[in-house]
Amino acid sequence: MRALTPETAIGPALADAYHHLANRLAAASRAAVEAPDILLTLAPEHTGADFAFACFPLAKAWRRSPAQIAGEIAEALHAETEQEDDPWLARAEAAGPYLNLYLRRDLTTNTVLKDVGRLRETYGHSKRQDGRRVMMEYVSPNTNKPLHLGHIRNAVLGRAVANLVASQGAEVFRTDIINDRGIHIAKSMVAYLRWGAESTPETSGTKGDHFVGEYYVRFDQALRDERESWLAQQDDPDPVDERVKKKQEERFLAESELMSAARDLLQRWEAEDEDVRALWRRMNRWVYDGFDTTYSRLGIEFDRHYYESDIYRGGKAVIRDAVARGLFETADNGAIVAPLSKHPELGKNLQDKVVQRADGTGLYITQDINLATIKFRDFDLDRSIYCIGSEQNYYMQQLVATLRLLGFEWADGVFHLSYGMVYLPEGKMKSREGTVVDADDLMAELADLAKAEILERSPEISPEDLANRAEAIGLAAIVFNFLLVGRETDIQFDPKASLAFEGKTGPYLQYTYARMSSLLRKAGDWRQPSETRLTEDAEWRVVGDLLVLPAVVADAADSHDPSRLAAHLHDAAQRFNVFWHELPVLHADEPHRSSRLALVQAARTALGNGMRLLALEPIEEM
RNA sequence: GCGGCUGUAGCUCAGGUGGAUAGAGCAGGAGUUUCCUAAACUCAAGGUCGGAGGUUCGAGUCCUCCCAGCCGCGCCA
């Protein structure tokens with residue numbers, strides 16, 4: 001059961017109604033509870049009521065059973081409501097220890113429909129976070145292989161949270177950190193130099209990111225072959241002891257000809273060897289062009305890209321300074337360590353973190369410290385969100401603790417938007433084993449399936465409409481599939497379920513929206529009545545979903561969890577479809593016809609707004 | 001070894017400071033179209049909420065222990 005408080009009852013009508021009811025209950029409680037402490041819940045469906053108040057907390061003060069209290073308050077409210085015309089409350093009934101509250105359907109409906117009509121595309125939004133400046137860092141790919149399923153979840157989640165935060169009035173900046181340097185890039189480069197000849201994405205007809213990815217895979221295959229023949233020469237090619245095995249692998253990597261070549265290339269890159277840099281720029285360009293294609297198809301946008309190659313050297317000055325101030329410590333071999341274990345106030349159970357290698361080179365966290373500083377400086381942020389998988393939870397705790405230790409006052413504004421992993425039916429995705437689901441492939445596959453479904457229903461459709469509609473439907477299926485499950489929940493990616501267009505899916509929402517649109521198109525001239533007549537249960541449930549939408553959006557934004565909104569949109573669409581099935585609209589008599597049309601129009605606005613926040617494209621026809 | 005997370009219907013998942021009869025979707029079963037889009041709607045069936053204790057008027061939710069699985073753990077990114 002969803003609990004509401006005066007703070008979470010967002011939305012023009014809902015806030016009014018809530019405060020009114022809270023005041024009346026507080027008065028009826030004879031000062032046992034103050035209005036701001038009143039906790040109302042949305043009543044369970046089987047009661048038929050709208051709000052409920054649980055009387056347990058009053059039992060002590062009143063020295064009576066919750067059921068008796070519910071009865072007495074109901075009576076008190078009833079007596080008062082008889083005397084004056086209450087704008088919200090129709091009646092109150094005791095049901096055991098609960099007090100069920102029923103809203104006045106006529107007045108509530110008119111108020112809500114007016115709100116939606118007035119606010120239109122901003123209905124459901126709020127201004128609670130006006131003036132806040134928030135950064136969303138998401139996707140953040142490596143430049144050695146194409147985007148896959150995991151990136152899609154990241155992109156879809158990060159975008160939805162960014163939209164939700166923006167819907168609350170904050171200004172949101174979307175960025176990524178591109179890992180464009182390091183040994184993984186050097187591997188692709190070695191492979192390209194050896195086996196690429198003069199081939200390019202153009203001459204081979206391959207998308208740039210896939211083109212480079214193929215050389216990365218090629219390197220790995222060659223390395224595997226090299227390892228095999230190397231192991232064959234060892235005394236014990238397959239040690240049982242894991243530690244021995246690990247040592248052996250380390251020895252192999254140190255002796256490997258291929259790895260030496262990659263390390264050599266990386267060193268020349270670091271030394272700014274012009275030949276190496278030129279090749280690096282060329283190959284990265286190919287990858288970025290490929291990424292752009294994928295992003296544009298997915299509808300992902302950025303305000304600013306940060307590149308690891310630009311920032312990886314920074315951060316050392318901060319570290320030197322921290323050592324001088326005694327915040328960081330130097331280990332025996334010269335490595336620099338953030339002594340997090342000595343500062344439990346920065347985070348529980350944190351171990352010390354090495355922030356600089358013994359040889360003086362930086363680590364991932366070195367540049368993360370630098371990047372965090374740059375972001376706050378560049379954008380004057382209140383909050384900096386990192387959309388990164390849950391496997392980095394511990395690392396992110398260490399990062400935040402390190403930033404706090406360094407004394408950055410903005411460190412509390414750093415937030416790790418953690419999300420669950422994506423598993424395939426056969427387990428974890430491994431690019432080396434080829435068990436990845438490619439982002440481009442998935443989008444193409446879903447669009448094809450959507451195409452087939454559309455042609456079955458509308459064989460007459462024009463090729464252009466077909467392509468556009470298939471794209472919108474296919475993408476909605478993917479996006480909703482990822483947004484419906486809770487943010488922290490690991491996803492078992494089921495290809496079959498993601499291909500479905502029925503039930504709890506994006507296309508279901510689109511279909512409902514298309515039905516609404518179709519109805520309004522066919523309505524001809526009609527005028528919104530000043531007083532609507534909507535009293536049927538099926539109508540009232542649709543009104544209820546409108547009433548609650550702003551609170552749901554605010555809640556999803558505050559918890560950074562789009563699944564709250566996704567679930568609400570599905571439920572609301574379902575209730576609309578029941579209304580559709582049970583009650584005629586165009587064929588109804590006045591005043592029902594125009595009243596229902598007004599309801600459909602408002603429901604369409606609300607559903608469309610909710611869908612756009614999640615980046616599900618509302619479409620007019622299906 | 002240590003830290004964190006997860007375990008709810010055949011499958012995939014919801015379940016918000018403990019509170020009314022634990023809810024969806026899919027799969028399987030039975031239906032609904034002379035009527036506004038059947039990508040819809042209705043009904044039936046399906047659950048010892050991993051196990052055992054405990055706290056409480058009340059536990060899927062809190063505490064302890066156990067079992068199973070996943071993620072991570074100072075010079076990888």
Side-chain angles (χ1 to χ4, degrees), chain A residues 1-5 8 39 41 43-47 52 54-56 59 65-66 95-98 100 142 179 182-184 308 331 333-341 348-359 361-365 367 389-395 397-398 418 420-421 423 428 450 453-454 456-458 473 481 484-486 488-494 496-497 500-505 507-512 514-523 555 559 561 563-564 567 570-571 573-574 577-578 580-588 596 600 621-622:
Chain A
M1 208 166 318
R2 176 140 113 240
L4 288 170
T5 65
T8 58
L39 205 83
T41 59
E45 194 137 355
H46 68 88
T47 60
C55 296
F56 305 98
S65 79
Y98 298 94
N100 285 334
N142 290 353
N179 300 299
I183 195 72
H184 52 290
E308 188 180 330
N333 65 358
I336 297 175
V337 176
L340 302 179
S341 63
K348 268 189 227 166
N349 297 321
L350 291 182
Q351 293 168 291
D352 296 351
K353 181 75 182 165
V354 172
V355 295
Q356 186 175 302
R357 287 193 189 90
D359 64 8
T361 56
L363 291 152
Y364 203 75
I365 192 167
Q367 75 168 28
S390 60
E391 73 270 21
Q392 303 274 358
N393 280 354
Y394 180 63
Y395 170 74
Q397 281 177 33
Q398 286 185 317
S418 169
M421 324 245 309
Y423 294 100
K428 198 175 178 177
E453 297 277 334
I454 295 164
E456 225 171 83
R457 293 169 175 84
S458 345
I473 293 171
N481 190 260
L484 185 62
V485 297
E488 302 268 23
T489 307
D490 290 347
I491 289 183
Q492 306 292 329
F493 184 79
D494 179 356
K496 268 193 208 140
F501 297 137
E502 291 162 18
K504 264 186 174 176
T505 64
Y508 176 81
L509 299 188
Q510 289 175 316
Y511 175 72
T512 308
R515 274 182 148 183
M516 295 167 167
S517 303
S518 162
L519 208 49
L520 293 166
R521 275 197 304 273
K522 289 184 179 164
D555 177 46
S559 58
D561 192 352
S563 72
R564 306 256 176 106
H570 170 263
D571 293 348
Q574 201 169 48
N577 282 323
V578 171
W580 170 289
H581 187 260
E582 285 185 4
L583 299 168
V585 178
L586 298 181
H587 301 167
R596 285 174 191 163
V600 172
E621 287 178 73
M622 244 173 114

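Just so it is clear, the values below take in all heavy atoms, side chains as well, and ignore hydrogens, waters and symmetry mates. Residue numbering restarts at 1 for every chain, and letters A, B, ... go by the order of the sequence lines.
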J.: Mind checking A/A497 for me? I need base, sugar-phosphate or nothing, with any heavy atom below 4.0 Å counting as a touch.
T.: nothing
J.: Can you tell me the base-pairing partner of B/G53? Count Watson-Crick or G-U wobble geometry only, both distances below 3.5 Å, and say none if there is no partner.
T.: B/C63
J.: If we take the P atom in both B/C70 and B/G10, what is their distance in whole Å?
T.: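 These two P atoms come out 23 Å apart once rounded.
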J.: Does the aromatic ring of A/Y98 sit over the six-membered base ring of B/G19, closer than 5.5 Å centre to centre and tilted less than 30°?
T.: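 No; by the centre-distance and plane-angle rule, A/Y98 does not count as stacking on B/G19.
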J.: B/C2 C1' sits how many Å from A/Y394 OH, rounded?
T.: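 Going from A/Y394 (OH) to B/C2 (C1'), I get 9 Å.
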J.: What's the gap between B/A68 and B/A40 when it is taken at their P atoms, as a whole Å value?
T.: 42 Å
J.: Is there a Watson-Crick or G-U wobble partner for B/G28 with both distances under 3.5 Å, and if so, which one is it?
T.: none
J.: Between B/C76, B/C36, B/G25, which nucleotide has the shortest distance from any of its atoms to the side chain of A/L586?
T.: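 The listed nucleotide nearest to A/L586's side chain is B/C36.
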J.: Look up atom NZ in A/K353 and atom CG in A/L363, then write down how far apart they are to the nearest 0.5 Å.
T.: 7.5 Å
J.: Rounded to the nearest 0.5 Å, what separation is found between the CD1 atom of A/I365 and the CD atom of A/Q398?
T.: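 Separation between the atoms: 6.5 Å.
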J.: At less than 4.0 Å, is any side-chain N or O atom of A/R515 found next to OP1 or OP2 of B/A38? Yes or no.
T.: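 Yes, because at least one side-chain N or O of A/R515 sits under 4.0 Å from OP1 or OP2 of B/A38.
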J.: What interatomic distance, in whole Å, is found between P of B/G46 and the corresponding atom of B/A24?
T.: 14 Å
J.: Nearest whole angstrom, please: distance from the P of B/C75 to the CG of A/L340.
T.: 14 Å
J.: Could you check whether A/I454 gets within reach of a base, just the sugar-phosphate, or nothing at all, counting any heavy atom under 4.0 Å?
T.: base
J.: Among B/C36, B/A24, B/C75, find the nucleotide with the atom closest to the side chain of A/K504.
T.: B/A24
J.: Which part of the nucleic acid, if any, lies within contact of A/G420, taking any heavy atom under 4.0 Å across all strands shown: a base, the sugar-phosphate backbone alone, or nothing?
T.: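 A/G420: no heavy atom of the nucleic acid under 4.0 Å.
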J.: Give the nucleotide from the list B/C13, B/A40, B/C76 with an atom nearest to the side chain of A/E502.
T.: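 Per side-chain heavy atoms of A/E502, the pick is B/A40.
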J.: Does B/U21 pair with anything, Watson-Crick or G-U wobble, both distances under 3.5 Å, and if so, with which nucleotide?
T.: none
J.: Which value, rounded to the nearest 0.5 Å, describes the distance between A/E582 atom CD and A/N577 atom CG?
T.: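 Separation between the atoms: 11.5 Å.
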J.: Heavy atoms under 4.0 Å, any strand shown: does A/Q392 hit a base, just sugar-phosphate, or nothing?
T.: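 Contact class for A/Q392: base.
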J.: For residues A/R521 and A/S518, determine if any side-chain heavy atom of one lies less than 4.5 Å from a side-chain heavy atom of the other.
T.: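 Result yes, sub-4.5 Å side-chain heavy-atom pair found.
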J.: Whole Å only: how far is the NE2 atom of A/H581 from the P atom of B/G31?
T.: 16 Å
J.: Nearest 0.5 Å, what's the CG-CG distance between A/D359 and A/N333?
T.: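 Reported to 0.5 Å precision, the distance equals 9.5 Å.
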J.: Figure out the CD/P separation between A/Q510 and B/U37, and round it to whole Å.
T.: 17 Å
J.: Over all strands shown, is A/A567 touching base, sugar-phosphate only, or nothing at heavy-atom distances under 4.0 angstrom?
T.: nothing
J.: In whole Å, what separates the P atom of B/G53 from that of B/U6?
T.: 24 Å
J.: Whether A/Q574 contacts B/A40 is assessed here as follows: a side-chain N or O lying under 4.0 Å from the phosphate OP1 or OP2. Is that the case?
T.: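 No, A/Q574 has no side-chain N/O under 4.0 Å of OP1/OP2 on B/A40.
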J.: Rounding to the closest angstrom, what is the interatomic distance between B/A9 and B/U48 at atom P?
T.: 9 Å
J.: Does B/U37 have its OP1 or OP2 closer than 4.0 Å to a side-chain nitrogen or oxygen of A/K522?
T.: yes
J.: In whole Å, what separates the P atom of B/G69 from that of B/G29?
T.: 35 Å
J.: B/U55 and B/U64: how far apart are their C1' atoms, nearest whole angstrom?
T.: 11 Å
J.: Below 3.5 Å, does any donor atom in the side chain of A/N100 face an acceptor in the base of B/A20, or the other way round?
T.: yes
J.: Identify whether any heavy atom of A/L519 sits under 4.0 Å from a base atom; if not, whether one sits that close to sugar-phosphate; answer base, sugar-phosphate or nothing.
T.: base
J.: Side-chain N or O of A/Y508 versus OP1/OP2 of B/A24: is the shortest distance under 4.0 Å?
T.: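 Looking at the OP1 and OP2 atoms of B/A24, neither is under 4.0 Å from any side-chain N or O of A/Y508.
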J.: According to the Watson-Crick and G-U wobble definitions, with both distances under 3.5 Å, which nucleotide is paired to B/C73?
T.: B/G1
J.: Heavy atoms from C-beta onward define the side chain here; which of B/A20, B/C41, B/C35 lies closest to that of A/N577?
T.: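 Nearest nucleotide to the side chain: B/C41.
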J.: Out of B/U42, B/A20, B/G19, which has the shortest distance to the side chain of A/V578?
T.: B/U42
J.: Within the structure, does a side-chain N or O atom of A/W580 lie under 4.0 Å from either OP1 or OP2 of B/C35?
T.: no
J.: Ignoring the backbone of A/L39, work out which of B/C70, B/U17, B/G25 is nearest its side chain.
T.: B/U17
J.: Which one, B/C36, B/A77, B/A20, comes nearest to the side chain of A/Y395?
T.: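 Per side-chain heavy atoms of A/Y395, the pick is B/A77.
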J.: Regarding A/S517 and A/E621, is there a side-chain donor-to-acceptor distance under 3.5 Å anywhere?
T.: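 Note: A/S517 and A/E621 side chains miss the donor-acceptor criterion.
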J.: Given B/U6, is OP1 or OP2 found less than 4.0 Å from the side-chain N or O atoms of A/S390?
T.: no
J.: Identify whether any heavy atom of A/F56 sits under 4.0 Å from a base atom; if not, whether one sits that close to sugar-phosphate; answer base, sugar-phosphate or nothing.
T.: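 Base, at least one base heavy atom under 4.0 Å.
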J.: What's the gap between B/U56 and B/A14 when it is taken at their P atoms, as a whole Å value?
T.: 32 Å
J.: Provide, to the nearest angstrom, the distance between the CG atom belonging to A/D490 and the C1' atom belonging to B/G4.
T.: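 To the nearest whole Å, that distance equals 13 Å.
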J.: When both hydrogen-bonding distances must be under 3.5 Å and the geometry is Watson-Crick or G-U wobble, what is B/C36 paired with, if anything?
T.: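 Because no pair has both required distances under 3.5 Å, B/C36 counts as unpaired.
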J.: Partner of B/A9 by Watson-Crick or G-U wobble geometry, both contacts under 3.5 Å, or none?
T.: none
J.: What is the separation between atom CD on A/Q367 and atom P on B/C76, rounded to the nearest whole Å?
T.: 14 Å
J.: Can you tell me how far apart OH (A/Y98) and OG1 (A/T47) are? Round to the nearest 0.5 Å.
T.: 11.0 Å
J.: Can you figure out which of B/C73, B/A39, B/U12 approaches the side chain of A/Q492 most closely?
T.: B/U12
J.: Choosing from B/C71, B/U37, B/A39, which nucleotide comes nearest the side chain of A/E621?
T.: B/U37
J.: Any base atoms under 4.0 Å from A/T505, or only sugar-phosphate, or nothing? Heavy atoms, all strands.
T.: nothing
J.: Side chains of A/Y364 and A/N179, heavy atoms from C-beta outward: is any pair under 4.5 Å?
T.: yes
J.: Base, sugar-phosphate or nothing for A/A54? Non-hydrogen atoms, less than 4.0 Å.
T.: nothing
J.: How is A/N349 classified with respect to the nucleic acid when contacts are heavy atoms under 4.0 Å: base, sugar-phosphate, or nothing?
T.: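 Answer is sugar-phosphate: A/N349 comes under 4.0 Å of backbone atoms only.
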J.: Nearest to the side chain of A/Y511 - B/C75, B/C70, B/A39?
T.: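 Nearest to the side chain of A/Y511 among the choices is B/A39.
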J.: Taking atom P of B/U12 as reference, at what distance in whole Å does atom CD1 of A/I491 sit?
T.: 13 Å
J.: B/C75 base to A/N333 side chain: any donor-acceptor pair below 3.5 Å?
T.: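 Per atom types, the contact qualifies.
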J.: Taking OP1 and OP2 of B/U37, is either one under 4.0 Å from a side-chain nitrogen or oxygen of A/R457?
T.: no
J.: Provide the Watson-Crick or G-U wobble partner of B/G58, both distances under 3.5 Å; none if there is no partner.
T.: none
J.: Indicate the ring-plane relationship of A/H570 and A/Y508, choosing parallel, tilted or perpendicular according to the 30° and 60° boundaries.
T.: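 Tilted.
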J.: Is a side-chain donor or acceptor of A/D490 paired with a backbone partner of A/M421 at a separation under 3.5 angstrom?
T.: yes
J.: With both distances kept under 3.5 Å, what pairs with B/G46, Watson-Crick or G-U wobble?
T.: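 No nucleotide pairs with B/G46.
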